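One structure is given below, encoded as structure tokens.
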Amino acid sequence: MFKFRQIRFSLSLLALATLIVFTLNSAAQTVGSPNTATAVPPVPHPKTKPCVVELFQNDKFQNFDVQSFQFTPPAACPGPWGKVILQGHFFVTAGVQFDRTANVWIGGTNIYFGTTPEPRSSVSPHWHFERDLTDYSSLFTAAQTGTVILGNVVNSTYTGIIHGSVDLEFYPVEASQTAPVTADVVLPLSAGPTGGTATLNSTSSLLAQSFTMPTNVERAFLDVYAQSQSSDEFWYTCVPNDVTSELESCGGTAFREAEVTIDGTPAGVAPVYPWIYTGGIDPFLWAPIPGVQTLEFVPYRVNLTPFAALLSNGTPHTVGLSVFNADNYFEATASLLLYLDHGSTQVTGATTRNSLAAAPNPRIIERLKNNGGGSVNGGTTAGSVSTTAPRQFSIAGFVDTSHGRVETQVHQIIHFSNLQTFKIVGLIAVNPLATELQDISQDTTISSTTTVKNQGNTWVNVNQLDWPLTVDISFVTNADGSFTQVTSIQQAYNRSDTRTHNGGSTFSSKLSNAVTTQDTLSISAGFSITGHQGQASSQNYFYSDSLGNCYSKALAAANSLLSSVTNGQGCGH
């Protein structure tokens with residue numbers, strides 16, 4: 001099992017019986033299809049006719065060159081817009097290829113971050129994604145250069161070529177509606193003026209950018225992406241450094257956390273979601289249904305409004321992003337969204353409370369027993385390693401604006417837990433009949449309460465997040481030197497939101513996105529995939545809110561083919 005951390009498997013090493021041709025819109029939901037399928041809903045599209053701005057069309061990605069495009073705002077649809085939607089259509093040719101990371105940028109600001117499916121020798125996956133970028137509307141008011149970064153190796157071994165098209169849809173405001181409130185200023189934290197992620201190799205690595213901001217900032221938010229790569233790709237399987245050898249695992253413990261600073265002072269926390277890419281652990285686990293958010297990452301939004309007065313004082317301020325326990329490495333970027341007080345040119349105020357500690361204090365408990373000298377010497381290592389990291393803090397501040405004093409308090413309770421149990425008989429590297437079992441139970445829960453007071457009114461937003469992950473892996477060496485890996489994984493992204501005004505409920509919603517998958521993989525003594533069996537997976541996506549909106553879709557797959565599609569279950573119609 002543990003050798004997968006040194007290998008990036010490619011599905012393409014095995015062939016399926018037939019080649020199936022797909023259309024972009026229908027193939028993903030066709031029973032019997034091996035094409036990539038996801039239950040994630042499209043972004044709701046307004047009724048008005050949009051202006052569509054093409055960013056790039058059928059670009060080919062077969063190397064690591066950065067490709068550029070020119071963006072021009074739609075003259076026929078001047079802002080403000082009712083909604084701005086990013087749409088992407090991609091496919092990778094049949095053959096051998098790994099999953100790849102893709103970024104799209106306008107100026108230095110990231111507008112898409114995700115990864116790609118892996119092809120097979122007779123399957124060319126097509127996929128589609130959408131992102132609501134309405135909050136970023138001010139970014140699209142000026143012509144500028146954009147870039148797309150999708151590094152891909154194509155040679156005699158790795159033959160899958162990725163093709164992609166991306167456009168922006170600008171929807172005019174409907175006659176009966178008012179324009180949505182969107183950020184007045186969007187500022188990027190990226191590797192340079194044209195974008196790019198920053199590589200964070202350790203806890204001390206920092207992505208930092210200094211800005212002199214408008215002097216009338218009323219609200220501020222930071223959208224954070226922190227993507228695990230290389231030795232940190234499977235960070236949730238990692239263990240303390242003192243037991244990495246006997247557990248054949250990565251180090252640095254199983255805890256990672258993105259942290260936000262302003263001028264070096266702790267300003268927020270962005271817990272890291274355990275995304276699993278389509279080549280991860282066992283590639284057949286993710287064909288045809290990828291993991292939660294694998295194709296389109298969801299950024300974590302940090303509320304920096306308690307610092308609005310500081311940001312408005314007319315002097316430069318440095319916003320920083322780091323990853324605690326990063327261990328070679330995380331790719332990171334962020335976007336700072338500023339909402340201004342349009343009735344004044346200068347706001348004043350202060351940050352009145354900040355109890356956020358500079359760093360978390362994870363607690364590690366090792367309960368391991370070694371028999372026969374332990375696994376390093378051919379014996380047995382068994383037991384558990386537990387990692388927990390609780391956080392609780394409050395940050396408050398106020399700004400005096402054209403419509404009175406606005407007080408904001410953000411209170412968060414975050415709890416991370418990771419329990420790994422092991423039974424290792426000998427080491428794979430030295431014992432021809434070694435067995436390794438690792439079971440992981442991880443959960444991140446986040447409770448955020450934001451209270452805003454202005455002119456005798458009180459608004460309270462409560463956001464609850466729950467990110468459970470269970471990974472069970474058995475890795476057995478056979479007498480002929482080959483291996484068998486049995487894996488089952490359950491992961492989910494659960495969210496609920498409630499809003500009140502002066503104690504009365506104004507909105508509530510619930511979202512659940514869960515993927516379950518299993519497979520048995522056969523691997524040769526030379527670490528080539530020779531077959532698999534028992535593949536089965538499912539995805540259940542559900543959303544409902546107090547406005548009467550409801551969406552439900554359930555997908556199931558067996559033997560890498562989509563086996564069922566169920567729509568609307570639990571929506572009452």
Side-chain angles (χ1 to χ4, degrees), residues 1-16 34-36 38 59-67 88 90-104 112-127 129 148-164 197 199 227-235 237 250 274-297 328-331 483 485 487 489 517 519 521-524 526-532 535 537 560:
M1 159 264 163
F2 297 89
K3 293 298 182 183
F4 69 80
R5 298 189 195 115
Q6 285 76 47
I7 297 176
R8 293 296 296 141
F9 284 136
S10 172
L11 262 175
S12 314
L13 298 175
L14 287 179
L16 294 184
N35 191 52
T36 298
T38 175
D59 277 13
K60 184 184 295 185
F61 302 96
Q62 54 186 348
N63 50 43
F64 274 77
D65 292 345
V66 176
Q67 299 179 205
F90 281 76
F91 73 92
V92 54
T93 59
V96 177
Q97 196 51 262
F98 293 121
D99 56 69
R100 302 297 183 183
T101 295
N103 305 143
V104 181
Y112 168 76
F113 201 155
T115 61
T116 69
E118 290 191 350
R120 281 162 277 169
S121 58
S122 59
V123 178
S124 173
H126 294 68
W127 67 100
F129 57 81
V148 52
I149 302 172
L150 204 173
N152 189 30
V153 174
V154 177
N155 53 32
S156 59
T157 300
Y158 302 107
T159 57
I161 300 173
I162 301 170
H163 299 254
T197 56
T199 300
Q227 183 207 20
S228 57
Q229 288 277 14
S230 191
S231 300
D232 256 346
E233 179 174 346
F234 305 103
W235 57 271
T237 71
C250 48
W275 294 310
I276 305 178
Y277 320 131
T278 57
I281 302 179
D282 170 354
F284 288 99
L285 294 166
W286 317 113
I289 301 172
V292 174
Q293 299 180 11
T294 297
L295 303 183
E296 182 190 1
F297 302 155
N328 187 33
Y329 54 89
F330 274 76
E331 293 287 358
F483 307 87
Q485 177 179 294
T487 307
I489 297 177
T517 185
D519 187 53
L521 195 65
S522 298
I523 308 165
S524 71
F527 279 97
S528 296
I529 298 174
T530 58
H532 79 113
Q535 190 279 335
S537 60
S560 300

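On a predicted model such as this, the values are computed, not experimentally measured, just so you know.
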- Between the CG atom in Asp59 and the CG atom in Leu150, the distance rounded to the nearest 0.5 Å is 10.0 Å
- Query: Got a sec, which residues hit side-chain hydrogen bond (donor to acceptor under 3.5 Å, both in side chains) with Glu331, two or more places apart in sequence or on another chain?
  - Reply: Thr197, Thr199
- Message: Assess the residue pair Tyr277 and Phe98 against the criterion (ring-ring contact (aromatic ring centres under 6.0 Å, His included)); give the C-alpha distance rounded to whole Å, side-chain angles, the decisive distance to 0.1 Å, and a yes or no.
- Response: CA-CA 10 Å; Tyr277 320 131; Phe98 293 121; over 10 Å; no
- Task: To the nearest 0.5 Å, tell me how far Asp65 CG sits from Lys60 NZ.
- Result: 13.0 Å
- In Val92, Thr278, Asn152, the residue satisfying side-chain contact (heavy atoms from CB on, under 4.5 Å) with Arg100 is Asn152
- Item | Distance in Å, Phe284 CZ paired with Ser560 OG, rounded so as to fall on 0.5 Å steps | 6.0 Å
- Message: Contact between Phe61 and Thr116 at the side-chain level, heavy atoms closer than 4.5 Å - yes or no?
- Response: no
- Task: Just say parallel, tilted or perpendicular for the rings of Phe297 and Phe113, cut-offs at 30° and 60°.
- Result: tilted
- Task: Indicate the atoms forming the closest heavy-atom contact of Ile289 with Ser537, along with that distance.
- Result: CD1-OG, 3.8 Å
- Item | Polar side-chain atom of Thr530 near backbone of Ser522 as donor-acceptor pair, under 3.5 Å | yes
- Item | Distance-minimising heavy-atom pair for Gly95 and Thr159 | CA-OG1, 3.4 Å
- Task: Give the intermediate values and the outcome of side-chain contact (heavy atoms from CB on, under 4.5 Å) for residues Val66 and Ile149.
- Result: CA-CA 5 Å; Val66 176; Ile149 302 172; 4.0 Å; yes
- Message: Donor-acceptor check, side chain of Thr93 to backbone of Ile161, threshold 3.5 angstrom: yes or no?
- Response: yes
- Task: Mind running side-chain contact (heavy atoms from CB on, under 4.5 Å) on Ile529 and Leu521 for me, showing each step along the way?
- Result: CA-CA 7 Å; Ile529 298 174; Leu521 195 65; 3.8 Å; yes
- Task: Name all residues meeting the side-chain contact (heavy atoms from CB on, under 4.5 Å) criterion together with Ser231; count only those two or more places apart in sequence or in a different chain, and write none if there are none.
- Result: Asn328
- Message: Using the side-chain hydrogen bond (donor to acceptor under 3.5 Å, both in side chains) definition, which of the options Asp232, Thr115, Thr101, Asn103 pairs with Gln227?
- Response: Thr101
- Task: Find the distance between CH2 (Trp235) and CD (Gln229) and round it off to the nearest 0.5 Å.
- Result: 14.5 Å
- Spacing of CD1 belonging to Ile489 relative to CD1 belonging to Ile281, to within rounding of 0.5 Å: 4.0 Å
- Query: With side chains defined as the heavy atoms from C-beta onward, is the minimum distance between Pro119 and Pro125 less than 4.5 Å?
  - Reply: yes
- Query: Does some side-chain heavy atom of Ile276 sit less than 4.5 Å from a side-chain heavy atom of Trp286?
  - Reply: yes
- Query: What is the minimum heavy-atom distance between Gln535 and Leu285, and which atoms define it?
  - Reply: NE2-O, 4.0 Å
- Hey, what do you get for NE2 (His163) to CZ (Phe90), rounding to the nearest 0.5 Å? 11.0 Å
- Residues Glu118 and Gly279: closest non-hydrogen pair is OE2-CA, 3.3 Å
- Closest approach of Cys250 to Thr237 (non-hydrogen atoms, all atoms of both residues): SG-OG1, 3.7 Å
